[in-house]
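Hydrogens, waters and symmetry mates are skipped; everything else that's a heavy atom, side chains included, is used.
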Amino acid sequence: MSAKITHFFSRAVNYGFGIFFALIILMSYISLFKQMVDYSPLAIVGLVLLPIVCVALCSALKHLQNYFERLKGGERECDRIFVCMSICLLVTQIAFTLCFDFTPRNDLAYICNAAESYVRYGADSIYNNLPTRHSHYFAVYPNNHMLLLVIIALYKLEFVLTGDITNFLPIAINILGMNFSYILMYKIARLIYTPSKALICAVRGLMFTPLVTYAMYFYTDSMSMPWITLSIYLYVKWRRQNREESPKKNRVITFILFSVVLAIAYKMKGSALLILPAVFIDMLISQKRVRDKLLPIVGCVIIFSAGCALISNAACSMLNICDEELDTYRFPNIHWVMMSADGDGGYEYEDFEYTKSFNGYDEKVSADVKRLEQKLEAEGPRGFFLHMISKLTYTWKSGSYMAGYYMENVSLLNSIPFYVIAAIFHFTLLFLMAGSFFRRMHNKEYAASEEFFLKTLLMLLVIFLMLWEARCRYTVSFFLLFALL
C-alpha cells in the first residue's frame, strides 16, 4: 500500500472504530446499570460512582508510569518489579484454588467425564456418562477435541501415578498457562514499548480478573490463552527481526513456529483464527515489496492448514471418530451465527435441537441458512440493528466474565462486592483501550507499528462477536489486548 492509503486506513480505524468502541462501552454501562437497578442498593451506588473511579484509576496509572520512568535501575528495576508481580499473581491463584471447591459444569463437565471414561475404559466409552442429547458430542463439536486430548493426557498421567483421577493436574496446567500468558504479555510489551510502559501493561494485566477467577475453570477460554499469546508474541518478534535485519534463518524459524503455534491455538479455540486476517492486513501495510507480502502469507496458510489437519486426524484417530460420523453429526459454523441472530444472542436449546434434527453436514448448512433468513426477515433491519446492540452490550458489559456462573460453588464470585470491583477494573481497562485509539492519530508510520496490529486484532474480535454467539468469556483468551492497548 502507498503511504497515503496506509495513513488513511490508520486514521479511519482509529477514529471510526475508536468512536464505535467508545459507544460500546457507553451502551454496556447503561445496560449493566439497568440490570442492577433491582438487584442491590450497594450495586447501584457502585455503578453510579464507577465512571469517576475508572477515571481516577486511569489517572493513577499515568502517575505510576511517570514514577516507573524515574526509577534509577531502569530496565533491570522494571524487570525485578515485574517478577515480584508475577509471583504475587501465582500465589493469589494458588490461594484461590485452595480456598474454594470447583465442580465442572456444562461443556467442561462433558469433556471431563469423557476423558475419565477414556482413561478407565477406552475410546469407545467416551459417551457413557454424557446426557442422551449429547450421544455424539465430539462428532457434533470437533472444536473440543484438542482440549479433550489434553485432559485425557493429564488424567492418564495422574491415574498411572496415583491410581485416581482428579482435576488437580488440569487446574495446575491452567494456572501455569495463564501465568505464562502474563509473562509473554510483558515480553510483547517490552518489544513494543518502553520498559516503564511495559511495566504499566503488567499492572493493567493484574486488573484482568479472569487471571484469578478462571484459575480453576480450565475450559478452552483459559487453556487457549497461552497459545494465542505465544503466537502473537512470535509474530511481533518476527516483525522486530525483520526490522533489525536479523539472520534470515532466525526469521524463518520464528515464522514457522508462529504458524505452528497458531494452528494449535486454533484447534484449542476457534476464535484464534482471527489472528490470521490481522496478520494478513498487517503484512499488506507493513511490508513494502509484493514478494515480502505474499510469501509469508502463503507460507503461513500452508503450515497452518497442515498443522490443523494433523491435529484433527490425530484426534479423530484417538477418539475413534470416523469421517462418516463427522459428516453426519458435525454442526456447521453457520449454526452459531443462526443461533445468535435472535433472543439474547446466546445458546438456545431449540436451535440446537433444530440443527441436530437434520442428517448430514450439507443438510444442516441448508437448514441453518434457511432458519437464519427467517429470523432476519422476522426482525427486519431495525430489529436486527437493535439485536446487534444487545449482543454487543451482553458481551462487553460483564466484568465478572460469568465466573460466578461457571463456578457456582464459589460464593465470592456471586457477591455484590466482587461484581462492583470487577466492573471497576473491567471498565477501566475498556476506557484505556478506547483511549488508545485516539492517540497518535497523525503519525504517518503508525499503521505499520505492532500496536496498530493489536488494534486491528481487537477490531476483528469485536466484529466477530457481533456475528457469533454472544459470550463475554470469549474475550478471555485475548487477555493481552486488555493489557497492551
Is it the case that Lys455 places NZ or CZ above or below the six-membered ring of Phe437, under 6.0 angstrom from the centre and within 45 degrees of the axis?
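Yes, a cation-pi geometry.
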Does the ring of Tyr401 carry Arg473 above it, NZ/CZ under 6.0 angstrom from centre and within 45° of its axis?
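Arg473 over Tyr401 ring: no.
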Between Phe82 and Tyr186, how do the two ring planes meet: parallel, tilted or perpendicular, split at 30° and 60°?
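Ring orientation, 0 to 90° scale: parallel.
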Whether the [X] and [Y] side chains hold a donor-acceptor pair (N or O, under 3.5 Å, no angle test) is what I'd like checked.
X	Y	answer
Thr355	Lys364	no
Glu353	Tyr349	yes
Asp282	Tyr235	yes

Determine, for Asp221 against Arg471, whether the closest basic-nitrogen to carboxylate-oxygen distance falls under 4.0 angstrom.
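No.
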Could you walk me through whether Tyr266 and Cys308 pass the side-chain contact (heavy atoms from CB on, under 4.5 Å) check?
CA-CA 8 Å; Tyr266 170 68; Cys308 290; 3.5 Å; yes
Here's a test for you: under side-chain contact (heavy atoms from CB on, under 4.5 Å), which of Asn414, Leu413, Leu32, Ile424 qualifies with Tyr419?
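For Tyr419, the side-chain contact (heavy atoms from CB on, under 4.5 Å) test succeeds with only one of Asn414, Leu413, Leu32, Ile424, which is Asn414.
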Tabulate below the donor-acceptor pairs under 3.5 Å that side-chain atoms of residues 99-108 make, not counting sequence neighbours, or state none.
residue : atom : partner : partner atom : Å
Thr103  : OG1  : Asn409  : ND2          : 3.2
Arg105  : NH1  : Tyr405  : O            : 2.7
Arg105  : NH1  : Glu408  : OE1          : 3.3
Asn106  : ND2  : Tyr405  : OH           : 2.9
Asp107  : OD1  : Tyr137  : OH           : 2.4

The test is side-chain contact (heavy atoms from CB on, under 4.5 Å); show your working for Cys201 and Tyr193 and say whether it passes.
CA-CA 9 Å; Cys201 290; Tyr193 305 123; 4.0 Å; yes
Measure the shortest side-chain to side-chain distance between Leu262 and Val279 over non-hydrogen atoms and say whether it is less than 4.5 angstrom.
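Leu262 does not reach Val279 side chain to side chain.
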